[in-house]
There are 2 protein chains.
Amino acid sequence: MATTEILTAERILEATEEVLRRHGPAKATVVDVARVLGVSHGSVYRHFRTKAALREAVTKRWLDRTSEELAGIVAADRDPEARLRDWLAALFAAKRRKAGDDPELFATYRVLAGENGEATGRHLADLTGQLTEIVRAGVDAGVFTTADPATAARALFHATGRFHDPVYAPEWEQPGIDAEFEAVMDLVLRGLRA
Amino acid sequence: MATTEILTAERILEATEEVLRRHGPAKATVVDVARVLGVSHGSVYRHFRTKAALREAVTKRWLDRTSEELAGIVAADRDPEARLRDWLAALFAAKRRKAGDDPELFATYRVLAGENGEATGRHLADLTGQLTEIVRAGVDAGVFTTADPATAARALFHATGRFHDPVYAPEWEQPGIDAEFEAVMDLVLRGLRA
DNA sequence: CAGCTGACAGATTTCAATATCTGTCAGCTG
DNA sequence: CAGCTGACAGATATTGAAATCTGTCAGCTG
């Protein structure tokens with residue numbers, strides 16, 4: 001690839017994703033990343049202080065992409081219950097799609113997410129923040145009832161964990177899963193309604 | 001130990017638990033079990049056709065002990081909502097206690113449960129069966145509303161997974177966990193009430 | 001002769017030597 | 001002289017030979 005281009009953090013992150021996709025998280029080395037870019041591995045260390053920092057940056061990028069996908073639904077101009085259903089369904093669909101399309105890469109991100117709890121923690125806070133917004137809108141509109149929207153949002157997130165937590169990814173391909181998702185959604189939405 | 005006693009499946013299972021507790025799932029061998037019993041490992045194979053069968057039997061025993069603990073609550077003479085709360089709280093407490101008291105043994109059972117999906121599957125069916133009984137009692141008493149108690153029971157079980165699925169065990173020691181459990185319980189119970 | 005032993009073949013695990021990787025930095029290059 | 005290289009030390013991973021384990025079975029023993 002165009003060895004004349006200057007080496008940016010962005011280009012390194014793209015190359016790292018490439019290497020992770022190819023080799024998986026256990027065998028992806030900084031030397032591999034440098035080779036893909038046609039530079040020495042010393043140059044990579046100019047942009048990322050450690051291999052852990054590089055992996056964290058890749059993870060953050062990936063998590064942020066998911067957050068952005070969902071932010072659109074929060075801002076949509078629909079009634080809160082429909083938005084809530086859409087948001088949870090979209091989260092499930094996005095995770096399932098990613099897990100199904102490229103299981104190797106998905107497993108890789110599972111490992112990375114497990115490694116740096118900080119980036120993952122911020123991402124979870126971000127998602128429950130989005131949920132809180134929808135719940136609050138519902139309370140304001142009089143269609144939801146709850147003492148504390150933030151607590152309710154966290155409860156919703158935990159209650160639907162089976163349909164977005166990556167540890168359950170293998171079960172997302174089983175036949176009855178959609179009916180199970182509907183059952184849980186119906187249960188928690190009934191619990192939220194005024 | 002009493003080498004004069006005859007070798008029963010039960011004695012082998014006890015010795016196996018002992019070995020698993022000591023060495024963990026990865027390093028527990030049939031030879032170790034035989035050594036604890038003071039017999040040759042060939043004798044163990046007289047009672048269990050393979051090492052996998054032995055591990056499955058140990059797992060089943062462990063899972064059945066949990067089921068029995070909870071069965072008492074299902075049969076209790078209290079109103080269904082209280083029984084449901086008790087049952088879910090007891091499941092959480094039992095799992096948390098086991099994980100906290102002997103993390104090594106708990107991790108061992110996690111591995112074993114992952115290995116033989118069949119025994120685990122039957123156990124989950126057993127637990128949701130217990131839940132279904134409580135839900136049905138609630139519907140009959142007019143305090144719960146649901147189209148199908150069995151589906152509702154499965155939804156309840158999934159929604160509270162964070163508080164009984166062993167993959168979440170590390171989080172059960174974190175400070176806010178009880179409040180989170182209460183929040184999820186309140187949400188799903190509101191969703192179930194008539 | 002029912003129940004156990006222990007030697008055995010093939011599969012799996014351990015261990016130590018060898019190779020590769022991470023992170024640094026003095027010096028090269030355009 | 002900003003940005004890159006490549007040699008280096010210590011840490012980590014790979015590899016293959018040796019040790020151990022699984023599962024079988026002919027024969028021992030009480």
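Every value quoted in this text rests on a predicted model; they were computed, and no experiment measured them. So you know, we letter chains A, B, ... as the sequences are listed, proteins then strands, and number each from 1.
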Evaluation steps, side chain to side chain donor-acceptor pair (under 3.5 Å), between A/K98 and A/T66: CA-CA 10 Å; A/K98 282 176 183 166; A/T66 304; 2.7 Å; yes

How many whole angstroms separate atom CD1 of A/I12 from atom P of D/dC4? 8 Å

Measure CG/A/L37 against C1'/D/dC4 and give the value in whole Å, please. 13 Å

Cation-pi check for A/F106 against A/R110: NZ or CZ below 6.0 Å from the six-membered ring centre and within 45 degrees of the axis, yes or no? no

For nucleotides 5-13 of chain D, print each protein N/O atom paired with a nucleotide N/O atom at under 3.5 Å, atom names and distance only.
{"unit_1": "D/dT5", "atom_1": "OP2", "unit_2": "A/S40", "atom_2": "N", "d": "2.8"}
{"unit_1": "D/dT5", "atom_1": "OP2", "unit_2": "A/S40", "atom_2": "OG", "d": "3.4"}
{"unit_1": "D/dT5", "atom_1": "OP2", "unit_2": "A/S43", "atom_2": "OG", "d": "2.6"}

Using the salt bridge (Lys or Arg N to Asp or Glu O under 4.0 Å) criterion, which residues pair with B/E14? Sequence neighbours excluded. none

With B/W87 via side chain to side chain donor-acceptor pair (under 3.5 Å) - residues at least two apart: B/Q130

Tell me, what's DNA chain C's dot-bracket, Watson-Crick or G-U with both distances under 3.5 Å, | for other-strand, [ ] crossing? ||||||||||||||||||||||||||||||

Please tabulate the protein-to-nucleotide N/O contacts below 3.5 Å involving nucleotides 18-21 of chain C, giving atom names and distances.
none

Compute whether any side-chain donor of one residue and acceptor of the other, for B/S67 and B/D64, lie under 3.5 angstrom apart. no

Among D/dT14, D/dG23, C/dT22, which nucleotide has an atom closest to any side-chain atom of B/T50? D/dG23

Pairwise N/O distances under 3.5 Å, protein to nucleotides 28-30 of chain C:
none

